[in-house]
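Beneath this line is the structure, given in structure tokens, with notes to follow.
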Amino acid sequence: MLYVVIGFLFFAIVLYFLLGGADFGAGIIELFTSDDNKSRTRRTSYQAIGPIWEANHMWLIIAIVILFVGFPVIYSEICTYLHIPLLIMLMGVTARGTAFSFRNYDAVKDDKMQALYNHIFVYSSFITPLFLGITAGSVISRQVDPAADSFLTAFVFSWLNWFSVAVGFFTVALCGFLAAIYLIGEAKEQFDVKRFTKKAVIMNAAAVGFGGLVFLAAEVENVHLAHWIFGNPVSLTAVIAASMSLVLLWYLLSKGKTKVIRILAGFQVTMILVSVGYRHFPNVMMVKGGNNLSLLTNHAPAATINDLGWALLVGSLFILPALGYLYYSFQKKKEA
């Protein structure tokens, strides 16, 4: 049952990145859109986000609950040493959701408040994935120091380093790329298709650039990222598959296939996560001194894992069909 719980944890993280990441990416795309086209971008974004934006953070909650219940030591260490980026990320989630709601459903819509909501929405859409990526980079950076004797060493330099920040910007670029690809399929006019295609190209280039910085920063910070990815056949295969899917994506887009490219974009990002995560599995958090926190050893008692596993299995029988029907309902509504 332990592997069932671990599987659900990975599943929740991947879905949060694919769905929540694209959600954040819609705000990132809007942030880098000219004032003349912002209203067009918002309309298309609402169509794409509408079915899933409120359900996206469910996957983050599920991942947190799994860590809290099934792996309390790992949960405690992450929340202790990385509480600053986690707090900023959660504040961004709250601010973004609030701004999104108010700019759509505010009882009194005036230009001043709408401008405020728009600014909160787009900047929190940028900040949230930035600190999500910083947190993710920090858990494998070996910069967390349980023996730290100062506040800065324990709670600031554990995440404020070149590698973690590079992973943060790489995450932002991936979210923007996902959103642009998803929005291409939602665009009704050729003008918008061309705009979102251009955004996808820019975000793709940014992801490649920041990806290079991640590897460079890894060498500076002595994180063996290149060895993890290129020194393992599974991780290397995942990278090759991600690269091939990207080539196929752009080919299909040139042929006007705007729907299937979403699957390829999601597959590409999933392969990136697999390439990084597989090599150091089951270790989740790597700290200074060579110590690692493993999912296979730092878990709750067997009885707790069994109950958690069954709860996840039974719960998925209700959650997944409901989410599928939610998406189906919104698609039918758009077609009507």
Hphob cluster co-occupancy, [X] + [Y], side-chain heavy atoms under 4.5 angstrom:
X: Leu87; Y: Leu60; value: no
X: Val208; Y: Ile272; value: no
X: Leu320; Y: Val4; value: yes

Identified salt bridge (charged side-chain N to carboxylate O under 4.0 Å, His left out) partner of Glu30 from the options Lys38, Lys199, Arg42: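 Between Glu30 and the candidates, salt bridge (charged side-chain N to carboxylate O under 4.0 Å, His left out) is satisfied uniquely by Arg42.
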
For Leu213 and Trp162, run side chain to side chain contact (heavy atoms under 4.5 Å, CB included): C-alpha distance rounded to whole Å, both residues' side-chain angles, the deciding distance at 0.1 Å, then the answer. CA-CA 9 Å; Leu213 285 178; Trp162 290 112; over 6 Å; no

Surrounding [atom1] of [X] (heavy atoms of other residues, nucleotides or ligands, distance under 6.0 Å), is the total greater than 12?
X: Tyr278; atom1: OH; result: no
X: Tyr251; atom1: OH; result: no
X: Phe318; atom1: CZ; result: no
X: His83; atom1: NE2; result: yes

Could you tell me whether a side-chain N or O of [X] sits under 3.5 Å from a main-chain N or O of [Y], the two making a donor and an acceptor?
X: Asn306; Y: Ala302; result: yes
X: Ser235; Y: Ser275; result: yes
X: Thr80; Y: Glu77; result: no
X: Ser76; Y: Pro72; result: no
X: Thr153; Y: Asp149; result: no
X: Asn232; Y: Trp228; result: no
X: His299; Y: Leu295; result: no
X: Lys288; Y: Ala148; result: no
X: Asn118; Y: Gln114; result: yes
X: Ser158; Y: Tyr81; result: yes

Classify the ring geometry between [X] and [Y] as parallel (under 30°), tilted (30 to 60°) or perpendicular (over 60°).
X: His57; Y: Phe24; result: tilted
X: Phe210; Y: Phe169; result: parallel
X: Phe11; Y: Phe8; result: perpendicular
X: Phe121; Y: Phe100; result: tilted

Is a side-chain donor-acceptor pair under 3.5 Å present for Asn292 with Arg142?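 Yes, a side-chain donor-acceptor pair sits under 3.5 Å.
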
Under 3.5 Å, is there a donor-acceptor pair linking the side chains of Thr41 and Arg195?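 Indeed, the side chains of Thr41 and Arg195 share at least one donor-acceptor pair under 3.5 Å.
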
Less than 4.5 Å apart, side chain to side chain, heavy atoms only: is that true for Ser125 and Leu31?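 No; the side chains remain at least 4.5 Å from each other.
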
Of the options Ile134, Thr135, Val139, Val214, which is the one that meets Ser164 in a side-chain contact (heavy atoms from CB on, under 4.5 Å)?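 It is Ile134, the one option of Ile134, Thr135, Val139, Val214 that forms the side-chain contact (heavy atoms from CB on, under 4.5 Å) with Ser164.
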
Determine whether Phe215 and Phe230 satisfy the following criterion, ring pair (Phe, Tyr, Trp, His ring centres under 6.0 Å), listing intermediate values before the conclusion. CA-CA 12 Å; Phe215 281 100; Phe230 301 113; 5.8 Å; yes

Shortest non-hydrogen contact between Arg262 and Tyr182, atoms and distance: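 Nearest heavy atoms, Arg262 then Tyr182: NH2-O, 3.3 Å.
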
For a quick test of reading the model, state the closest non-hydrogen atom pair linking Ile261 to Leu252 and the distance between them.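 Nearest heavy atoms, Ile261 then Leu252: CG2-CB, 4.1 Å.
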
